[in-house]
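As structure tokens, the structure follows; a few thoughts come after it.
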Amino acid sequence: MLEQLDELYNEALEKLNQAQTTAELSAWYKEMLGRKGQVYLLTRQVGQLDPAERPQAGKRINAIKQELEACYEEKLAALKTAELEAQIAASSLDVTLPGRRQWRGRLHPSTQILREIYQIWGKMGFQIFRSRDVETDEYNFELLNIPQHHPARDLWDTFHTITPGVILRTHTSPGQIHAMHAYHPEPIRVILPGMCYRYEQITARSEIQFHQVEGLAVGKHITFTDLKGTLTEFVRRMFGAERKVRFRASYFPFTEPSAEMDVECLLCQGDGCQVCKYTGWLEILGCGMVHPVVLRNGGYDPAVYSGFAFGMGPERIAMLKYGIDDIRYFWGNDLRFLEQF
Ligand code: DAH
């Protein structure tokens, strides 16, 4: 019996050495140490031995089981490692390659230019006053001295909502009334930035949505000279001291007198191009002295107070500053454009 056991042990070890894969190894395990394996079969025979021989044979068979188990575990670990290494060597995955760079976002060019504008006005003593995008006809038009059916309404092609009298603001000017109501009777120096909406034909110069930065100064003894000096100073800070500006007389219902301010077109150096409509100048804002009716609607007595107001287009300013020849790029969501800023 003991000889038989030794033989089985040697045979088992030899076969174990021959196993090349984990699959072959499991087959070996089943044959030798499995529930109906050879070691088991011999174990059963031990029971039929002479009582005198039994203890020795039993001891030996237990030792063999343990040793074979240990050899099996060792071989299994070795084969697993070898198989993993072979798999890695055969695959194209190179774990030593550097990782991909994370894509970093950036601020939209309009946001960048708005922040620059805020900085300049902030240093000149103007606070930001926010007002709403959805307005009433009353604030967007009537309180700004644009009565119903007045022909001046044609200047603003309006988006209406299904609620009568509620519209998307066509300009930031209604914020002037909100600011006056909030500040009265204190003097005012604010800018009112925000998105405006117009139902108009889209061209290289105009969009159906765009930003405006409105400005409002109200106080005693404010004159047209203050308006010209303040706006000229803004342009100098924005575009540099050498940049030429001009004021043209104009008309707005909420200012009297009214003007438009042009900056020399940098896209064409004043020669004339698509963006400046071949004039060499680009209009960047409308302005004027706050109309007495508007002052009164805001709660200020026009006999005591005066003020100036302006409304500028930051996208226009960005176009001028960065040489962008079409305003439609701003909301076109084309990364090739946006990534340049
Ligand atoms: N609200 C005008 C527009 O959208 C721009 C404007 C002109 C604003 C003159 C003003 C102003 O405050 O004084 O065309």
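Atom set for the values below is all heavy atoms of this structure, side chains included, hydrogens, waters and symmetry mates excluded. Both ligands and their constituent atoms are indexed starting at 1 by order of listing. Model, not experiment: these values are computed from the prediction.
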### Query
So which of Ser173, Ser258, Gly311 gets nearest to atom 1 (N) of ligand 1, if we judge by its closest heavy atom?
Ser173
### Message
Between ligand 1 and Glu260, can you find any atom pair, the residue atom being a heavy atom, that is separated by under 4.0 Å?
### Response
no
### Task
Report, in ascending order of atom number, the atoms of ligand 1 lying under 4.0 Å from any heavy atom of His171.
1 (N), 2 (C), 4 (O)
### Message
By the definition ring-ring contact (aromatic ring centres under 6.0 Å, His included), identify the one residue from Trp331, Phe341, Tyr329 that meets it with His108.
### Response
Trp331
### Query
Could an N or O of ligand 1 be found under 3.5 Å from any N or O of Gly286, whether backbone or side chain?
no
### Message
Quick one, Leu33 and Trp28 - any side-chain contact, counting heavy atoms below 4.5 Å?
### Response
yes
### Query
What orientation do Tyr139 and His181 show, parallel under 30°, tilted 30 to 60°, or perpendicular over 60°?
perpendicular
### Ring centers of Phe252, His171 separated by less than 6.0 Å
no
### Message
Heavy-atom pairs closer than 4.0 Å: do any link ligand 1 to the side chain of Cys287, the backbone, both, or neither?
### Response
backbone
### Task
State the atoms of ligand 1, each with its element, that fall below the 4.0 Å cut-off from a heavy-atom position in Arg198.
3 (C), 4 (O), 14 (O)
### Message
Within ligand 1, which atoms have a heavy atom of Gly288 less than 4.0 Å away?
### Response
13 (O)
### Message
Considering non-hydrogen atoms of the protein only, which is the closest contact for atom 12 (O) of ligand 1, and what is the distance?
### Response
Glu214 OE2, 2.5 Å
### Message
Taking the cut-offs as 6.0 angstrom to the six-membered ring centre and 45 degrees off its axis, would you call Arg60 and Tyr9 a cation-pi pair?
### Response
yes
### Ligand-residue contact atoms, ligand 1 with Phe252, heavy atoms, under 4.0 Å
7 (C), 9 (C)
#### Entry: Note, Ile64 side chain near Leu8 side chain (heavy atom, < 4.5 Å)
no
### Task
Could you tell me whether some N/O pair between Phe310 and ligand 1 is separated by less than 3.5 angstrom?
yes
### Task
Go through ligand 1 atom by atom and flag the ones less than 4.0 Å from a non-hydrogen atom of Thr255.
13 (O)
### Query
What part of Phe308 sits under 4.0 Å from ligand 1 if we count only heavy atoms: the side chain, the backbone, both or neither?
neither
### Task
Could you list the atoms of ligand 1 found under 4.0 angstrom from a heavy atom of Gln176?
12 (O)
### Message
Quick one: does any side-chain atom of Asn17 pair with a main-chain N or O of Glu14 as donor and acceptor, under 3.5 Å?
### Response
no
### Task
Ignoring hydrogens and angles, tell me if any N or O in the side chain of Glu73 forms a donor-acceptor pair with the backbone of Glu69 under 3.5 Å.
no
#### Entry: Gln212 neighbourhood, listing ligand 1 atoms whose heavy-atom distance to it stays under 4.0 Å
3 (C), 4 (O)
### Task
Test salt bridge (charged side-chain N to carboxylate O under 4.0 Å, His left out) on Arg198 and Asp157 and set out the steps.
CA-CA 5 Å; Arg198 287 186 199 173; Asp157 306 284; over 6 Å; no
## Note on the structure
Near Trp156 (heavy-atom distance under 4.0 Å), the atoms of ligand 1 are 3 (C), 4 (O), 14 (O)
### Message
With salt bridge (charged side-chain N to carboxylate O under 4.0 Å, His left out) as the criterion, how do Glu233 and Arg237 come out once you've worked through the C-alpha distance, each side chain's angles and the decisive distance to 0.1 Å?
### Response
CA-CA 6 Å; Glu233 181 58 22; Arg237 294 190 185 198; 2.8 Å; yes
